[in-house]
Amino acid sequence: MNVVEVEEAFERLFAGEFDPEVFPIALAEAIGTSNANISKLKSGAMNRTDLPGGTLLNGKFHFFPAEEGKTEEALETLCGSKATKTRKVRVAISTDGTAVAARDMKSGEARFCDYAELKNNFGFFLPLAGFERFKAADENPVDIRATSRLAKLYDALIKANPEWGKDDNRHVMNQFMTRIVFCLFAEDTGILSDNLFARCLTDYGGNAGETAQDAILAAFTAMATSSDKRHDLPKWADDFPYVNGGLFAEGIAVPIFSRTAFQYLKEAAGMDWKEINPDIFGSMIQSIADPKARSELGMHYTSVPNILKVIGPLFLDDLDEAIDKAWTKASALRAVLQRISKIRVFDPACGSGNFLVVSYRELRDREIRILKRLEEIDPGHAMEMFSSVSLSNFHGIEITDFAAETAKLALFIAEYQANARFADVFGRMPPALPLRDGGHIVCDNALRVNWDAVCPPPDLVEEVYIAGNPPFLGSTYQTKEQKADLAHVFKGDVKNFAAFDFVAAWFFKASRYLEGRTVRAAFVSTNSICQGYSVAALWPHVLGRHLEIGFAHKDFKWRNNASSNAAVICSIVGLRNQGASRKRLFIGDTTSLVDNINPYLVNGPTVYVHGTRHGMFGLPAMDYGNKPVEGGHLIVDETTRSRLIEEEPELSKFLRPFMGSQEITKGFQRYCFWITDETVSDALQFPEIRERVESVRSFRAESPDAYVREKLLPLSYRFKQVFTSKSHAILVPRVTSERRPYLPVERVGADVISSDLNQVLYDAPDWCIALIASKLHLVWIATVCGKLKSDFRYSNTLGWNTFPVPAFTDKQKSALEESAREILLVRADHHPKTIAQLYDPDKMPDDLRQAHRRNDKLLESMYIGRPFRNDTERLEYLFKRYADRVAELKKGA
DNA sequence: CATCCGACATTTT
DNA sequence: AAAATGTCGGATG
């Protein structure tokens, strides 16, 4: 049974009237219980319930029919039942035929809905059918549970107040939700007296929330008004203290509560919000308001370990060093305290404020550490101040309103929690209310506003640290608005910016902000801006003449606690003004101090490799493969080909072997219809071909690319780009696994059509194979070409045309040719093993490895008279030769 | 017309 | 569910 089938079963089985006899059987069916067990359940032989009229299926659900209007009570009964526990029930469910109340006994999550809505809530019951909804979060499941409850509340409120869901009212709704979250958190942490808000709901919200609106309005208004100015408020509302701090400063509005919404709010109030982790929680509740974010449920929040990877080398490590140095001298420690109070942190893509929250927490922790030490070595000089780290030192820009509101709230919560830690140590704590200065969070487009206005540049004693995780988005995925944002940032300063990833704009703006100031910046980025095309196009402009990369984390897989992670490889790059100190390069688990980190995030001199259409070292021209852009209508697999030829033998003259990357590496077989201008009239005689060409035509007619839509439409019998060879061709897959010790390369006859998934040397000499199959070439490609994730991406302009080679003699060429043949022969010996199998680093056959080693030795001797010692030496040499050649060509021109 | 890329896409384990 | 590994065609120069 798959998820769709569960959904269909729910639709089918719970469409009609409720019948307490039929319902549990239908539920058992919907979750895929076998027919045999269904009949045993019907007969009662399998029913393990301990409640009259109940039904319990071992390990699955416990059902109990409720009296009218008493579903919640019935659910309580179910959850308290002994059998529920002993029989390891996953979901307890009760209904009176009008309302449904259910609880997931494992996650604790509850669900309330109308009976008619049950079919839309099938997701809740998926675990019964063996599908888990969320990966259990390792760090803190409370956050996820809190989030899903709030999401339900949000939905129920929008349903009861359709007006509140409109764009104009979004801010009001968002603000309402953050205020609710504040109350829930505050009443559990002692900011408000214990359960003050929950009591207000039970005592004054009505049985089903009918007066909840008035009650919450009164509570909120009280919190927004200092006690001497309160009029017209019910007496009970006086228990609510004045909160302010901006959180309740703007107008107060409260939506109407439906029965369901009220239930969800009470559910949420029943949780222990003390355990909420503010640095994650912010990003989680961000998903409440945004349906897209919700489907990604926290997919893009930065985990605390990753935040520390940024702010550690950016400024915390430095600070720790200063603290260590000052450890024995009170005056020196006071100087560090003074310094900490002058540190400001700015996240120009702050989302719900994770980076700011974690930075704040880390600074407060260090402050506590110092104060504690001061008490030891300089007793009697109690600090008058409580904390000199002010929330107003934290600046952020965030484009969505809800996230910006959440960021402010998250900072308040972080402050409260830091104060509580302070009280643990020193036994004193400032009053929590009214809230003081908040963080400076601006809701705006970071690529449009002047950063100086959001975060004023530091004065002589201040330090500003820019940190964050701006959005990554390749040019194919950018919206019109985002493209315009890029243009706004780069136009006039940088050429060829349109192909940049969105994140590049943050690096550029940061570079302009920090130049000549006491500012450093570091962002989490997609690794692609430090690879291939982007390096030479972007980095000279970011670094300019005065900046350098101060530290970097090279390629690590994106990871957080969300149920499904974004598929991207990240790097972290830190920018600073040029200085004498060494740089820190983190690769995997290792860290090293180096003299220079170049924009490829490699320890070495900064050399930019520019792609070029012309061979710089006299190698034969490498071309593209044939690019179909035909919606798959001209490509067939082997079985289809055989069937077509069986039906119409003459079709075989239009079918050619078709090779992309996997056809080379994994030995797949595909064929394509190959029709030329000369053969098209003949080909169109065949109905099969006519149909396919027509399909291509309709596919191309829909293309967003005007060239495909217009020029290519009458040419629908052929590919978009066409190349063929006369005698043979050498194919190199354009994307291939990073694990292989050598690049795959294949030699094929002229009958084979290569797709654009390969780079191709048409009719080129075979000694080229020896080059491509060499370690030397792989090292070059791996460094200067782009990557897909971290897999090699071969490029003719960046990798082949720029690859430094000596001027080979004819004798050397034939030696290389012989060496290439040998590699191909050894491979053939292992037939039918595929290239993927042969070049698996764990299983590569010895003779093939030996053949490659001989090839490397032969080739490298032609460069320097001996083999290179290691990859470092290979790269050093290649970059030197490249740079020399660039200089030489410049002189010649 | 050629080519770079994918907060990916799809298959395999 | 996590790991492995390369499609396909849009967008850009």
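Letters A, B, ... are given to chains in the order of the sequence lines, protein chains preceding strands, and every chain is numbered from 1.
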Exercise. Quickly, which of F658(A), F673(A), Y624(A) forms a ring pair (Phe, Tyr, Trp, His ring centres under 6.0 Å) with F719(A)? Name it, please.
Key: F658(A)

Self-check item: Integer angstrom distance from the C1' of dC5(B) to that of dA9(B)
Solution: 14 Å

Quiz item: Counting side-chain heavy atoms from CB outward, which of dT7(C), dT5(C), dC4(B) is closest to K789(A)?
Solution: dT5(C)

Quiz item: Which heavy-atom pair separates A536(A) from V609(A) by the least distance, and what is that distance?
Solution: CB-O, 3.8 Å

Quiz item: Could you give the CD-to-C1' distance, from Q478(A) to dG10(C), as a whole number of Å?
Solution: 12 Å

Exercise. Check every strand shown and say whether D791(A) touches a base, only sugar-phosphate, or nothing at a heavy-atom separation below 4.0 Å.
Key: base

Quiz prompt | Proximity to the side chain of S475(A) - top-ranked nucleotide from dT3(B), dA11(C), dG6(B) | solution = dA11(C)

Quiz item: More 5' along DNA chain C: Q721(A) or I635(A), using each one's nearest nucleotide?
Solution: I635(A)

Practice problem: Mind checking K483(A) for me? I need base, sugar-phosphate or nothing, with any heavy atom below 4.0 Å counting as a touch. | Solution: sugar-phosphate

Quiz item: Does the cation-pi check pass for K775(A) over Y742(A), that is, NZ or CZ under 6.0 Å from the six-membered ring centre and within 45° of its axis?
Solution: yes

Quiz item: What nucleic acid atoms does K666(A) come within less than 4.0 Å of, heavy atoms only: base, sugar-phosphate, or nothing?
Solution: sugar-phosphate

Practice problem: Would you mind pulling out the nucleotide paired to dT10(B), Watson-Crick or G-U wobble, both distances under 3.5 Å? | Solution: dA4(C)

Quiz item: Is K720(A) side chain donor-acceptor paired with the dG10(C) base, going by distance under 3.5 Å alone?
Solution: no

Exercise. For R709(A), report the nucleic acid contact type (base, sugar-phosphate, nothing); a contact means any heavy atom under 4.0 Å.
Key: nothing

Exercise. Answer yes or no: does a side-chain N or O of R613(A) lie under 4.0 Å from OP1 or OP2 of dT3(B)?
Key: yes

Quiz item: For R670(A) and dC8(C), is the shortest distance between a side-chain N/O and OP1 or OP2 below 4.0 Å?
Solution: yes

Practice problem: Pick base, sugar-phosphate or nothing for G631(A), based on heavy-atom distances below 4.0 Å to the nucleic acid. | Solution: sugar-phosphate

Exercise. Send over the distance from W800(A) CH2 to dA2(B) P, rounded to a whole Å.
Key: 19 Å

Quiz item: Is the Y794(A) ring parallel, tilted or perpendicular to the H777(A) ring (thresholds 30°, 60°)?
Solution: tilted

Quiz item: At under 4.0 Å between heavy atoms, what does Y794(A) touch on the DNA or RNA strands: base, sugar-phosphate, or nothing?
Solution: nothing

Quiz item: So what does S703(A) hit on the nucleic acid, given a heavy-atom distance under 4.0 Å: a base, only sugar-phosphate, or nothing?
Solution: sugar-phosphate

Practice problem: Quick one: label P471(A) by what it contacts on the DNA or RNA (base, sugar-phosphate, nothing), any heavy atom closer than 4.0 Å. | Solution: base

Quiz item: Nearest-Å distance, OH (Y624(A)) to P (dT7(C))?
Solution: 11 Å

Quiz item: Base, sugar-phosphate alone, or nothing: which one does Y533(A) contact when heavy atoms must sit under 4.0 Å apart?
Solution: sugar-phosphate

Quiz item: Under 4.0 angstrom, heavy atoms only, what part of the nucleic acid is D756(A) near: base, sugar-phosphate, or nothing?
Solution: base

Quiz prompt | Spacing between Q837(A) atom CD and dT13(B) atom P, to the nearest angstrom | solution = 10 Å

Practice problem: Could you check whether K711(A) gets within reach of a base, just the sugar-phosphate, or nothing at all, counting any heavy atom under 4.0 Å? | Solution: nothing

Practice problem: Would you mind classifying the nucleic acid contact of V629(A) as base, sugar-phosphate or nothing, using non-hydrogen atoms under 4.0 angstrom? | Solution: sugar-phosphate

Self-check item: dA4(C) OP1/OP2 closer than 4.0 Å to side-chain N/O of R739(A)
Solution: no

Quiz prompt | Nearest heavy-atom neighbours spanning D501(A) and S528(A) | solution = OD2-OG, 4.3 Å

Quiz prompt | Proximal nucleotide (of dG6(C), dG13(C), dA7(B)) relative to the W558(A) side chain | solution = dA7(B)

Quiz item: Please give, in whole Å, the distance from dG9(C) P to Y477(A) OH?
Solution: 13 Å

Quiz prompt | Atom pair distance, as rounded to whole Å: CG in D501(A) and P in dC4(B) | solution = 17 Å

Self-check item: Length of the CZ-P vector between F502(A) and dC5(B), whole Å
Solution: 19 Å

Exercise. Could you please spell out the steps behind the salt bridge (charged side-chain N to carboxylate O under 4.0 Å, His left out) verdict for R827(A) and E746(A)?
Key: CA-CA 11 Å; R827(A) 276 199 215 158; E746(A) 187 65 295; 3.6 Å; yes

Exercise. Assign D840(A) to base, sugar-phosphate, or nothing according to its heavy-atom contacts below 4.0 angstrom with the strands shown.
Key: nothing

Quiz prompt | Base dG6(B) to side chain R793(A), donor-acceptor N/O within 3.5 Å cut-off | solution = yes

Quiz item: Is there a donor N/O on one and an acceptor N/O on the other, under 3.5 Å, for the side chain of N527(A) and the base of dA7(B)?
Solution: no

Exercise. Consider the side chain of N496(A), meaning its heavy atoms from C-beta on, and name the nucleotide among dT7(C), dG13(C), dT3(B) that approaches it most closely.
Key: dG13(C)

Exercise. Just call it for P470(A): base, sugar-phosphate, or nothing, with non-hydrogen atoms closer than 4.0 Å on any strand.
Key: base

Practice problem: Measure from CZ on F723(A) to P on dT3(B) and round the result to the nearest Å. | Solution: 7 Å

Quiz prompt | Of T476(A) and R740(A), the one whose closest DNA chain C nucleotide lies more 5' | solution = R740(A)

Exercise. Look at T797(A) and dT3(B) and indicate whether a side-chain polar atom (N or O) is within less than 4.0 Å of OP1 or OP2.
Key: no

Quiz item: Hey, mind stepping through R641(A) and E638(A) against salt bridge (charged side-chain N to carboxylate O under 4.0 Å, His left out) and telling me if it holds?
Solution: CA-CA 5 Å; R641(A) 170 179 171 267; E638(A) 201 165 17; 5.3 Å; no

Quiz item: From the list dT7(C), dA11(C), dA7(B), which nucleotide is the closest neighbour of the side chain of S661(A)?
Solution: dT7(C)

Quiz item: Rounding to the closest angstrom, what is the interatomic distance between dA7(B) and dT3(B) at atom C1'?
Solution: 23 Å

Quiz item: Between T639(A) and D637(A), is any side-chain donor less than 3.5 angstrom from a side-chain acceptor?
Solution: yes

Self-check item: First of G786(A) and D705(A) reached from the 5' end of DNA chain B, by closest nucleotide
Solution: D705(A)

